[in-house]
Amino acid sequence: MAAVEPIPNSPAAVVETGEERLLVVADLHAGIEDALRFERGVHVRSHASDRREQVLDLAARTDPDRFVVLGDIMHSIGGPGGAERGEIEVLLEELGLPTTVVKGNHDGDIESWIDSTVTDGSGVRLGDVGFTHGHTWPSAEVLGADVVCMGHEHPCVRLTDEVGGRRIERVWLRGGLAREPFENRDKALVADWQEPGLVVFPAFNDLCGGTWVNTKNDFLAPFLPEGLRNGQAYLLDGTRLGAYQRV
């Protein structure tokens, strides 16, 4: 039976597909510091080594068979700059695992240079689990899985305390995948429908902002929020916040 288990206090999960044990993250956005500097004039030191050490530590703790990135492994829309490409290549070399990248909207022509399996935007199914980035419609094969994992949204909640203080926290969203948006899009998408669950991953990179799911409904994926049924929000430490709209 497929299982998706978030790793406590980390924006990553271990996924048991029934065939492999996977370490899964979404939205690494390698090289984002260069983009912040050139596009917004914001100077942030490179966190590339921190991201790499975090992934390596997670792999050492979980002993996966494969590393899966749910899209946007790189940040630039076009070809990567030297630092960005270097970050990705060093990470994957030191990790030393078979890697699958589900291509996201930031990943350009990554398949032309990365030494990994790269899927198209509609995603891939591994065992009983479907993986998609979320910027476009998943394939029927992905939607026929027991559970679908996606990124792209960078879900966050804005929390306010009793004295008016505010903070933003990354969250997981979990619930059922509603059939209607996909059936309305194309009946062929639900040909193998198994009433799948949906897990929306937080962004691995904490510099890339996100969708404040409890204050507005301008989701990025074309099938959200309508496609998420009974969605619950969870902090990275595992705390269940309840229905994401009412947090």
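Sequential numbering from 1 along the given sequence is applied to the chain's residues.
- Rounded to the nearest 0.5 Å, atoms CG (L92) and CZ (R52) are 11.0 Å apart.
- A distance of 10.5 Å separates CG in N205 from CG in D72, rounded to the nearest 0.5 Å.
- Put simply, L91 and W113 are part of the same group of oily side chains (I, L, V, M, F, W, Y) that touch within less than 4.5 Å, one to the next.
- Proximity of a side-chain donor or acceptor of R185 to a complementary backbone N or O of K187 within less than 3.5 Å is not detected.
- Between W172 and A12, the shortest heavy-atom contact is CZ2-O, 3.4 Å.
- Side chains of H152 and H135: no donor on one and acceptor on the other come within 3.5 Å.
- Under the 4.5 Å side-chain criterion, counting only non-hydrogen atoms from C-beta, W193 is in contact with R179.
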> Y234 and L241: side-chain contact (heavy atoms from CB on, under 4.5 Å), yes or no, with the steps?
Replying inline: CA-CA 6 Å; Y234 298 80; L241 300 177; over 6 Å; no
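- Just one of I88, T99, D107 meets the side chain to side chain contact (heavy atoms under 4.5 Å, CB included) condition when paired with I114; it is I88.
- At least one donor-acceptor pair under 3.5 Å links the side chain of D186 to the backbone N or O of A188.
- With values rounded to the nearest 0.5 angstrom, R125 atom CZ is found 15.0 Å from T119 atom OG1.
- Contact record, Y244 with A233: CB-CB, 3.9 Å, taken as the closest heavy-atom pair.
- Residues I73 and L70 are members of separate hydrophobic clusters, defined by side-chain heavy-atom contacts under 4.5 angstrom among Ile, Leu, Val, Met, Phe, Trp and Tyr.
- Using a 4.5 Å heavy-atom threshold, the side chains of R174 and P6 count as touching.
- Considering only heavy atoms from C-beta on, P222 stays 4.5 Å or farther from F219 through its side chain.
- For D115, the CG atom counts as loosely surrounded, since its 6.0 Å shell holds 12 or fewer non-hydrogen atoms of other residues, nucleotides or ligands.
- Between C149 and F201, the shortest heavy-atom distance links the atoms CB-CE1, 3.7 Å.
- In this structure the side chain of K103 never reaches within 4.5 angstrom of the side chain of H133, judged on heavy atoms.
- Under the 4.5 Å side-chain criterion, counting only non-hydrogen atoms from C-beta, E94 is not in contact with E89.
- Side-chain N or O atoms of R167 include none that pairs as donor or acceptor with a backbone N or O of R158 at under 3.5 Å.
- The OG atom of S10 sits 5.0 Å away from atom CD of Q54, with the distance rounded to the nearest 0.5 Å.
- Judged by distance alone, with hydrogens and angles left aside, the side-chain atoms of R170 form a donor-acceptor pair with the main-chain N or O of F204 at under 3.5 Å.
- Within the 4.5 Å cutoff, the side chain of T100 has heavy atoms near those of the T117 side chain.
- Formation of a donor-acceptor pair under 3.5 Å by the Q194 side chain with backbone atoms of D192 is found in this model.
- V25 and V15 end up in different hydrophobic clusters when Ile, Leu, Val, Met, Phe, Trp and Tyr side chains are linked at under 4.5 Å.
- Atom CG of D57 and atom CD1 of I7 lie 9.0 Å apart (nearest 0.5 Å).
- Applying the ring-ring contact (aromatic ring centres under 6.0 Å, His included) test to F67 and every residue at least two apart in sequence or in another chain returns nothing.
- Residues V55 and V118 share a single hydrophobic cluster, defined by chaining ILVMFWY side chains whose heavy atoms lie under 4.5 Å apart.
- Between the CG atom of L126 and the CD atom of E19 there is a distance of 8.0 Å, given to the nearest 0.5 Å.
- Side-chain atoms of E153 and M150, non-hydrogen and from C-beta on, do get closer than 4.5 Å to each other.
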> Under the side-chain contact (heavy atoms from CB on, under 4.5 Å) criterion, do E111 and S116 qualify, and how do the steps go?
Replying inline: CA-CA 8 Å; E111 65 275 13; S116 303; over 6 Å; no
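- Remark: side-chain polar atoms of S112 are paired, donor with acceptor, to backbone N or O of D109 under 3.5 angstrom.
- Checking side-chain atoms of T211 against main-chain N and O of V213 turns up no donor-acceptor pair under 3.5 Å.
- Under a hydrophobic clustering in which Ile, Leu, Val, Met, Phe, Trp and Tyr are joined whenever their side-chain heavy atoms come within less than 4.5 Å, directly or via other members, V24 and V102 fall into the same cluster.
- Within the 4.5 Å cutoff, the side chain of L177 has no heavy atoms near those of the L228 side chain.
- Ring geometry for F182 versus W137: interplanar angle over 60°, hence perpendicular rather than tilted (30 to 60°).
- A side chain to side chain contact (heavy atoms under 4.5 Å, CB included) with L58 is found for exactly one of L23, L95, V14, namely L23.
- Partners of H29 under the ring-ring contact (aromatic ring centres under 6.0 Å, His included) rule, at least two apart in sequence or in another chain, are H75, H106, H154.
- Counting only distance, with no hydrogens or angles, the side chain of D65 and the backbone of R21 share a donor-acceptor pair below 3.5 Å.
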> Under the side-chain contact (heavy atoms from CB on, under 4.5 Å) criterion, do V199 and L173 qualify, and how do the steps go?
Replying inline: CA-CA 6 Å; V199 181; L173 295 180; over 6 Å; no
>> Go through it in stages, so that I can follow the logic: the residues are L198 and V200, the test is side-chain contact (heavy atoms from CB on, under 4.5 Å), and I'd like the CA-CA distance, side-chain angles, deciding distance and then a yes or no.
In response: CA-CA 7 Å; L198 178 66; V200 185; 4.1 Å; yes
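- Panel note: side chain D27, backbone P202; no donor-acceptor pair is recorded below 3.5 Å.
- At distances below 3.5 Å, not a single donor-acceptor pair connects side-chain atoms of D146 with backbone N or O atoms of V129.
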